[in-house]
Structures are given as structure tokens and as C-alpha cells.
Amino acid sequence: MRLSAIFLCFSSLIATAYAAPPSTLVDLGYAQYQGSLNNATGNIQFLGIRFAAAPTGTLRWSAPQLPQTTPGIQQANTLPNTCQQAGSGVQAVTPFHSNSGSLQQKRAAPSASEDCLFLNVVTPASGTKSLPVVVWIHGGGYEGGSGASFDGNNLVQQAGGGVVTVVIQYRLGLFGFLAEETNPPLFRAAITSSTFLPSQYAFNDPVPEQLFSEVVQSTGCSSATDTLACLRQVDVNVLEQANTNISGSGFFGTFLFVPVVDGHFITERPTQLLRQGKVNGQAFLSMTNTFEGANFVNMATAATVQTPTYLANLFPDFTGANVTAGTAQYSNQGAPIDQVVGIMGESIFICPTYFLLRAFGNKGFKGEFAVPPGGHGQDVNFYFPSAGAPSFNNTIFINNFAQSFMDFAMSLDPNIKWDPANTVPRWARWSEQSRNEMLFNRTNAGVPVFQSVTTSAALIERCE
Ligand SMILES: *[C@@H]1O[C@H](CO)[C@@H](O)[C@H](O)[C@H]1NC(C)=O
Ligand SMILES: *[C@@H]1O[C@H](CO)[C@@H](O)[C@H](O)[C@H]1NC(C)=O
Ligand SMILES: *[C@@H]1O[C@H](CO)[C@@H](O)[C@H](O)[C@H]1NC(C)=O
Ligand SMILES: *[C@@H]1O[C@H](CO)[C@@H](O)[C@H](O)[C@H]1NC(C)=O
Ligand SMILES: *[C@@H]1O[C@H](CO)[C@@H](O)[C@H](O)[C@H]1NC(C)=O
């Protein structure tokens, strides 16, 4: 399945408070974990730390609960089970137009565990100083991904031993986003790598209601008086089949089980909250890739795709007037296939990045990762070589790029460099007036490019 390889839809690094000096035995009150030395890096790592009770049975779709107490010392030396996985839609049309038929569609079910609320911690082995903590929330469109690809040792090394890393897992697909929940923010700063903001519907909009009723029908809960109680008793393998079937039934490149506006935890759509400047944190850094949309558009349709039809499928609630207006915005953006790649990438990843930057006032930094082909997720291997080989194998580029993020995590400013060999020029803050960005690219001859550029006014206009 082509899309399974590009599960990195939304990723963020978040720097927060300070951790205690390293020790190889930790007592969390409810459990004691023995960490171990990573012989390759010299760091101490704790793999598979439980941070919540197993979200199974009556805790399925409940807010996370404290773990039960486990006596004795547990060895924290094994990567935890991943959460149940699904993927993005693969269909030519949206299932949310009335003539589209059922959401059911065949796909092989991957194996994982519902008991997946674990995290991995890596600390440098030496030193007694308190250090900033970088929390990595993996990507995957809320449907896939896990902590396993993201080795916190990578970030500790890029920070010269100046951070502690925590890589978390969270419930995915219908297990996490049939209803939703998250803990309140505890962070002093945020980094987004390809900000991901899919259409976020009200919980009772026809789109999430159709998804809910598909889940109920396909799991045999239709005649239950209490459908939620029935769903909590459904065998996890049946639910996982429904998860993959329904997720695959979405319009190509879209993700169906995503957060909704519930009116309680998420009170309004993020675009509206950002307009009101409702953000936490002292600083923000965001990276986008030049062609974010390319991985989420069916390139087999390059010769036939029509921009109005594409818009109507991507945004099933669009009126005819909305489709006409959207089509006009992209009419000078190349061939129809280029237009729809632009629509997918800008509406879901790139424009939300500028909405965030605006909300942070002049406390944000913006980067663009353009090393060809500049597709979604290509920046991530530079912070996490554990996730895959970086596409530009140049030591100066790799160190300069990855260290800039850890400099930001440590100092809230990528210009304060722990390693004097980092040659990225002064990275100016982004503001509505200046629109400064740092471009990370390479020349055809293989020379790294670090260049101050300005956000295009036409892009800002399309985002509006
Ligand atoms: C790390 O090295 C120690 C001492 O040589 C050894 O006992 C341990 O098995 C090694 N750990 C791993 C994961 O290789
Ligand atoms: C998933 O789809 C397969 C193939 O169409 C079907 O046999 C199976 O019953 C479906 N399962 C669920 C739970 O939707
Ligand atoms: C979509 O169209 C409706 C009415 O046709 C209009 O009220 C709304 O502002 C339009 N939305 C956008 C984003 O243009
Ligand atoms: C990257 O370059 C280094 C030398 O600079 C080399 O040792 C390594 O094998 C290269 N990696 C890949 C994946 O080509
Ligand atoms: C990045 O560099 C390539 C040449 O290697 C060039 O074709 C491309 O236009 C550059 N991208 C940006 C956004 O400047």
C-alpha cells in the first residue's frame, strides 16, 4: 500500500520544563522501571514506560486513566506494542456525498495492541544539570504511526547531550478519534513538522455521524439500545477491521477518524481559535516541505483530474460557489494536477502553518524544506535518521538542519547554537509584516543552501 510508507502527516516536537539528573532506576509511584545504557550512543534509555491504564473494556474511548500499580522492578528495555493502525482513504470520490454508497472497503488488517499507551525516554548518561525535555508526538494522520520509528537517541545527539527526549504513543483511528481526548498542554514551546489540519467537523455533523453509524453497523451493534456499551464489548480484531475498512473508504489521501469539535474539550475549529490568537507557549517553530500535497494526491489521475471535482470531493460540504471560488484561486498554478497538489498541500498543511505563525505574533520561526523532491515527511528523517535515511547525505546539511531544532528546544531560538560548526545564517522571526523564512535546500551540484526568503504574497492570499 503506497500510503503506508508516508505516515508522517503531523509531527511536532515540544520543549517543556526541566528533568532531574539521569538515573537508571526510576520510581513513578505506580511502577519502577530499570533503564539501560545504549551502547551505541552512551545514553540511558527507558523503553515502554506505561503512562496510562490499558484503554480497553470500559476504558475504551474513555479519557486516559492512571495506570494500576505494578509491584517490583520492570525492565524498560523493549519497544512497546504500537497502537492499532489504519491508513488514509484510497477512493476516487468522497463517501460523504449522498450518492457514494457505503464506507466499507477491503484492506488487510495490520496487527498491534489496543494496550498501547506507552512512551520511551532517552537521557544523556552524564551530567547533573536539569535539561529541557523534548516531547515527540509522531505523525500519521491520526490513523497510523508509532514511537518505534523515532529513536530519541537521535535528538539527544543532535543537541550535544543537551536535552532529554520523550516519544509518546496515542490511540489512533476509530480507537482514538471516534470520540477524542487529550491532556491539557504543559509545554513552553512547540515545533510542528508539517502542521496537519484536516477538516474538523462538529461532533454531530453528518460526516462524523455517518462514520459512527458505519462503525455501529459493521460491528453488529445496530440493534443495541446503548450502542457505545455494545461497541466497548466488540472484539478488538473486529473493530480493527472496521477501522481499516472505513479508513480506506475515504477520498484519496484523506484521513477520516480525526478530531472533532466536541464543544467541551475542543470548543471551536482550530482555524477560528487561531484567529483569536488562542495559543500556549513562549515560542514556536514550524517546518513545511515544498510539495506537501504530492504524497496525498493520486498521481495516476494526472492526465484526467479536474480541479472543481477534486475540490468538491476534498471538501464535501463545499457549495457550488465555494468550488468556483477555490478553482479560480488555483487557475494560474500550473496544470490541473499541479493545482490539486497545491490545494491538498496548502489547505491541509501549509496554510494552517501560517495561521499558527500569525497566532504566535512575532514569537515564531518558519522554515521550508525544499531539498528535491521536497515531499511530505522528507524533513523528518533529518531529525530522526532512525526513521529512514536522509534524502541529502551531506554532513553539514544534516548537522545544521537537525541541530537548529534542538537549539530551539534548548534556547527557544535556533540562532543560539550549542555547536559553533552550525553555519545556518541568522534565522529571523516570522511576522505578518516581514514574512521571513529560512529555506533549506541543495544545489544541483550538491552544495547545501541555507537562505533567508520571504513568504509569497500570492500564497498568503490563497490561504485567506
Ligand atoms: C551493553 O554493554 C554491556 C557491557 O558490555 C552489555 O552487558 C550489554 O548487554 C550491552 N547492551 C546491549 C543492548 O547490547
Ligand atoms: C471489512 O471488509 C471485509 C472485506 O470486504 C469484510 O469481509 C469484513 O466483514 C469487513 N469487516 C468489518 C468489521 O467491517
Ligand atoms: C461558501 O459558500 C457559502 C454560500 O454559498 C458562503 O456563505 C461561504 O462564505 C463560502 N465559503 C467560502 C470559504 O468561500
Ligand atoms: C552518507 O555519507 C557517509 C559519508 O559521508 C557514508 O559513510 C554513508 O554510507 C552515506 N550513507 C548513505 C545512506 O549513502
Ligand atoms: C531547491 O533547489 C532545486 C535545485 O536543486 C531547485 O530546482 C528548486 O527550485 C529549489 N527550491 C526552492 C523552493 O527554492
Side-chain angles (χ1 to χ4, degrees), residues 2-3 6 9-10 88-89 91-94 141 192-199 250-255 271 274 286-358 366-379 430 432 435-442 444 449 451 453-464:
R2 175 177 167 273
L3 283 166
I6 41 109
C9 265
F10 159 94
S88 62
Q91 301 304 308
V93 295
T94 176
T192 62
S193 156
S194 302
T195 314
F196 176 54
L197 186 53
S199 297
F251 179 54
F252 193 99
T254 64
F255 296 83
T271 44
L274 289 176
S286 188
M287 179 63 54
T288 57
N289 298 279
T290 304
F291 298 106
E292 290 284 357
N295 288 342
F296 303 102
V297 167
N298 186 355
M299 289 302 163
T301 66
T304 54
V305 68
Q306 298 290 319
T307 301
T309 316
Y310 185 86
L311 273 171
N313 277 294
L314 187 60
F315 299 111
D317 288 352
F318 260 23
T319 64
N322 297 151
V323 168
T324 303
T327 302
Q329 278 293 338
Y330 284 84
S331 61
N332 64 355
Q333 297 293 300
I337 187 69
D338 303 316
Q339 296 178 18
V340 306
V341 166
I343 287 167
M344 168 55 87
E346 291 178 2
S347 65
I348 294 181
F349 301 95
I350 293 175
C351 296
T353 301
Y354 293 106
F355 302 158
L356 263 165
L357 284 160
R358 254 185 208 158
K366 169 70 174 59
E368 177 176 343
F369 182 91
V371 171
H376 177 75
Q378 298 209 330
D379 57 326
W430 194 92
E432 193 79 61
R435 305 199 312 260
N436 288 309
E437 308 199 8
M438 185 60 66
L439 178 70
F440 293 88
N441 201 357
R442 56 169 288 177
N444 288 327
V449 172
Q451 190 188 349
V453 295
T454 306
T455 318
S456 116
L459 170 58
I460 297 289
E461 161 70 17
R462 290 195 297 278
C463 290
E464 285 301 313

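Computed over heavy atoms, backbone and side chain alike; hydrogens, waters and symmetry mates excluded. Note that the structure is predicted; figures quoted are calculated from it, not measured.
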Return the [atom1] to [atom2] distance between [X] and [Y], rounded to the nearest 0.5 Å.
X	Y	atom1	atom2	answer
D338	T307	CG	OG1	9.5 Å
F440	Q378	CZ	CD	15.5 Å
F296	S88	CZ	OG	7.0 Å
F349	T192	CZ	OG1	11.5 Å
L311	Q306	CG	CD	11.5 Å
R435	L357	CZ	CG	12.5 Å

So do the side chains of [X] and [Y] get within less than 4.5 Å of each other, counting heavy atoms only?
X	Y	result
I343	Q333	no
P373	F291	no
S347	L314	yes
F196	I348	yes
T271	F355	yes
N441	P372	yes

For the residue pair [X] and [Y], what are the closest heavy atoms and their distance?
X	Y	answer
S331	A328	OG-O, 3.0 Å
F252	V297	CE2-C, 3.5 Å
I337	A302	CD1-CA, 3.7 Å
A370	L439	CB-CD1, 3.7 Å
S193	D379	OG-OD2, 2.8 Å

Exercise. In a check of side-chain hydrogen bond (donor to acceptor under 3.5 Å, both in side chains) between T288 and each of E437, E368, K366, which one passes?
Worked result: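 When side-chain hydrogen bond (donor to acceptor under 3.5 Å, both in side chains) is applied between T288 and each of E437, E368, K366, only K366 qualifies.
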
Problem set entry | L459 backbone acceptor or donor facing S456 side chain under 3.5 Å |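 At least one qualifying donor-acceptor pair exists.
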
Exercise. Has the side chain of N298 got a donor or acceptor atom that lies under 3.5 Å from a matching backbone atom of A300?
Worked result: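 Yes; judged by distance alone, with no hydrogens or angles, the pair exists.
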
Show me, pair by pair, the donor-acceptor contacts under 3.5 angstrom made by side chains of residues 316-326, not counting sequence neighbours?
{"unit_1": "T319", "atom_1": "OG1", "unit_2": "A321", "atom_2": "N", "d": "3.4"}
{"unit_1": "T319", "atom_1": "OG1", "unit_2": "N322", "atom_2": "N", "d": "3.1"}
{"unit_1": "T319", "atom_1": "OG1", "unit_2": "N322", "atom_2": "OD1", "d": "3.0"}
{"unit_1": "T319", "atom_1": "OG1", "unit_2": "N322", "atom_2": "ND2", "d": "3.4"}
{"unit_1": "N322", "atom_1": "OD1", "unit_2": "T319", "atom_2": "N", "d": "3.0"}
{"unit_1": "T324", "atom_1": "OG1", "unit_2": "G320", "atom_2": "O", "d": "2.9"}

Exercise. Ring centres of F251 and Y310 under 6.0 Å apart?
Worked result: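 Centroid distance F251-Y310: below 6.0 Å, so yes.
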
Problem set entry | Lys/Arg N to Asp/Glu carboxylate O, R358 vs E464, below 4.0 Å |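 Yes, R358 and E464 are salt-bridged.
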
Exercise. Should we say atom OH of Y330 is surrounded by more than 12 heavy atoms from elsewhere, each under 6.0 Å from it?
Worked result: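 Count over threshold, so yes.
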
Exercise. Between the side chains of E292 and S194, does any donor sit under 3.5 Å from an acceptor?
Worked result: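 Short answer, yes.
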
Exercise. Is it the case that S286 and W430 place a side-chain donor and acceptor less than 3.5 Å from each other?
Worked result: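 No pair is found: no donor N or O on one side chain lies under 3.5 Å from an acceptor on the other.
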
